[in-house]
Amino acid sequence: MLQQTRVDTVVPFYERFVSTFPTFEALAGASLRSVLKVWENLGYYSRARNLHKAAHVIVHEMNGEFPSSMKDLRNLPGIGPYIAAAISSIAFGQVVPAVDGNVKRVLARVFFIQDPSDDKDVKQQIQDIANVLVPKHDSGAFNQAVMELGAMICRPRNPRCRECPINKSCEAFDHGAQDSLPVLLKRHPIPHKEMTAGIMFNQKRQLLVVQRPNHGLLGGLWKFPGGERMEGDKDLAHTLRRSIREETGIHVRVGKTLHSVKHTYTHFRITLFAFQCSRRSGVPIPLDCQDVLWVKVGDLGQLPMSKADRKIWELL
DNA sequence: AAGCCGGGGCT
DNA sequence: AGCCCAGGCTT
């Protein structure tokens with residue numbers, strides 16, 4: 001949960017998650033849908049899918065025993081170098097450094113590393129320094145201490161160097177360069193996309209929703225049918241007719257605009273336009289999606305949806 | 001090695 | 001509007 005996600009954001013999700021799935025057996029036995037529902041709004045949903053898978057591996061392939069070595073931890077889906085090191089050092093007392101974003105920033109400053117910290121060699125250099133620094137005793141506490149120092153004192157912006165317990169050992173502070181380290185690579189500007197969502201009821205006053213493919217953006221979450229405006233679309237109504245046909249095979253008539261919401265993802269922004277829609281012909285089947293479902297508006301709260309789609313639902 | 005993957009808070 | 005968050009997986 002803590003991957004690229006602030007502790008304060010995670011805490012309520014964590015509490016709800018462990019009370020819903022208190023054991024590996026409970027998590028392994030739960031449906032992916034129920035896991036995604038508890039994860040809803042936390043983002044990076046592959047983490048939820050991987051955690052669900054990992055619980056299954058622990059219960060069915062590891063005799064229900066949680067692994068303690070770096071090597072065995074790395075074999076669980078979703079556990080990479082940082083988490084393997086964090087768990088084995090904090091929970092099992094192994095002498096390994098846990099290098100997260102905080103640690104990289106602290107070490108880049110303390111050791112005055114002026115090359116971009118995203119560079120492969122620089123990452124290795126930081127890892128090498130951490131390997132030397134990690135103490136034989138209480139390495140888990142050391143790891144947490146460096147992370148905490150990075151979060152509270154050696155912050156990305158406006159570091160509190162006067163209050164820093166190790167400022168006398170910090171080369172960046174010596175040079176007065178703490179604000180310009182670590183060096184950032186410039187990022188590409190993110191594109192803007194226009195997205196469409198069809199709000200369509202059947203005679204039973206049920207709403208049509210589709211489930212996204214399990215891999216890719218917002219994998220496994222539910223959405224209103226519709227898609228991105230492409231080159232050849234002459235207007236958004238055209239986009240919506242085309243994308244609903246691709247997703248579900250049905251032909252629709254596009255009515256009036258109901259709402260529009262803006263949302264920012266990691267690599268692009270969207271404006272999502274919701275249109276009233278009616279079915280002209282065909283029966284919805286899962287073509288360019290994983291599943292289709294007619295659902296009562298009130299029951300849509302049970303299905304995991306992204307923030308942008310949830311906003312549309314709330315406006316309805 | 002680079003791209004992909006969310007949502008939220010701070011500046 | 002940009003940046004960053006107790007990163008990992010895929011290609």
Side-chain angles (χ1 to χ4, degrees), chain A residues 1-14 36 39-51 53-54 73-91 96-108 116-124 126-127 130 140-159 179-193 195 212-221 223 261-270 272 304-311:
Chain A
M1 285 183 168
L2 290 164
Q3 290 169 23
Q4 302 299 112
T5 310
R6 291 169 204 284
V7 175
D8 291 345
T9 301
V10 162
V11 168
F13 286 90
Y14 172 80
L36 285 172
W39 207 276
E40 183 179 57
N41 284 346
L42 190 57
Y44 284 156
Y45 298 91
S46 64
R47 298 178 296 179
R49 294 193 297 274
N50 284 334
L51 189 51
K53 261 188 244 169
L73 285 162
R74 283 298 305 270
N75 278 332
L76 290 174
I79 295 191
Y82 161 70
I83 301 209
I87 293 175
S88 64
S89 69
I90 296 171
V96 289
V99 179
D100 75 334
N102 289 305
V103 176
K104 286 179 195 161
R105 182 174 57 256
V106 170
L107 297 185
S117 56
D118 289 348
D119 182 88
K120 184 195 167 195
D121 293 336
V122 176
K123 282 183 179 171
Q124 187 57 51
I126 291 175
Q127 184 68 42
F142 170 82
N143 287 335
Q144 293 188 74
V146 180
M147 290 189 270
E148 193 70 4
L149 183 71
M152 306 303 291
I153 303 290
C154 196
R155 305 180 298 183
R157 284 176 300 271
N158 305 321
D179 291 319
S180 56
L181 290 178
V183 173
L184 306 176
L185 292 173
K186 51 189 167 194
R187 300 185 181 180
H188 299 106
I190 63 178
H192 184 271
K193 300 179 179 181
M195 304 289 292
R212 300 169 191 267
N214 255 346
H215 296 284
L217 184 74
L218 304 168
L221 273 62
K223 66 188 279 286
V261 301
K262 293 179 186 300
H263 195 74
T264 305
Y265 294 96
T266 308
H267 297 287
F268 56 91
R269 306 174 200 282
I270 66 166
L272 178 59
M305 285 201 303
S306 74
K307 194 71 176 174
D309 285 299
R310 187 62 73 196
K311 280 185 203 164

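Below, read A as the first sequence line, B as the second, and so on, with proteins coming before strands; counting in each chain starts at 1. Please read these numbers as outputs of a predicted model, since none were measured by experiment. The analysis underlying the following values was restricted to heavy atoms, covering all of them including side chains, and did not include hydrogens, waters or symmetry mates.
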Q: Test A/Leu217 against A/Phe268 for side-chain contact (heavy atoms from CB on, under 4.5 Å), laying out the working first.
A: CA-CA 12 Å; A/Leu217 184 74; A/Phe268 56 91; 3.7 Å; yes
Q. Checking side-chain contact (heavy atoms from CB on, under 4.5 Å) for the pair A/Phe13/A/Asn41: CA distance, chi angles, key distance, verdict?
A. CA-CA 9 Å; A/Phe13 286 90; A/Asn41 284 346; 4.1 Å; yes
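In this structure, CG of A/Asp309 is placed 13 Å from P of B/dG6, rounded to the nearest angstrom. Between the CZ atom of A/Phe268 and the P atom of C/dA1 there is a distance of 17 Å, given to the nearest Å. Remark: C1' of B/dC4 and CZ of A/Arg269 are 17 Å apart, rounded to the nearest angstrom. To the nearest angstrom, C1' of B/dG6 lies 15 Å from CG of A/Leu272. Atom CG of A/Leu217 is separated from atom P of B/dG3 by 17 Å (rounded to the nearest Å). Note: NE2 (A/His267) to P (B/dG7) measures 13 Å, nearest angstrom.
Salt bridge present: A/Arg310 and A/Glu40 bring a charged side-chain N and a carboxylate O closer than 4.0 Å. Taking 4.0 Å as the cut-off between side-chain N and carboxylate O, A/Asp100 and A/Arg105 do not count as a salt-bridged pair.
Here, C/dA6 and B/dC5 have their P atoms 23 Å apart, quoted to the whole Å. On the P atoms, C/dT11 is 15 Å away from B/dG6, given to the nearest whole Å.
Within 4.0 Å (heavy atoms only), A/Thr266 reaches at least one base atom of the nucleic acid.
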**Q.** Contact state string [nucleotides 3-11 of chain C, B base, S sugar-phosphate only, - no protein heavy atom under 4.0 Å]
**A.** BBBBBSS--
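Along DNA chain B, the nucleotide nearest to A/Arg155 and the one nearest to A/Asn41 differ in position, and the one closer to the 5' end is contacted by A/Asn41.
A distance-only check finds a donor-acceptor pair linking the side chain of A/Arg47 to the backbone of A/Gln3 [under 3.5 Å].
Ring-centre distance between A/Tyr265 and A/His263: below the 6.0 Å cut-off.
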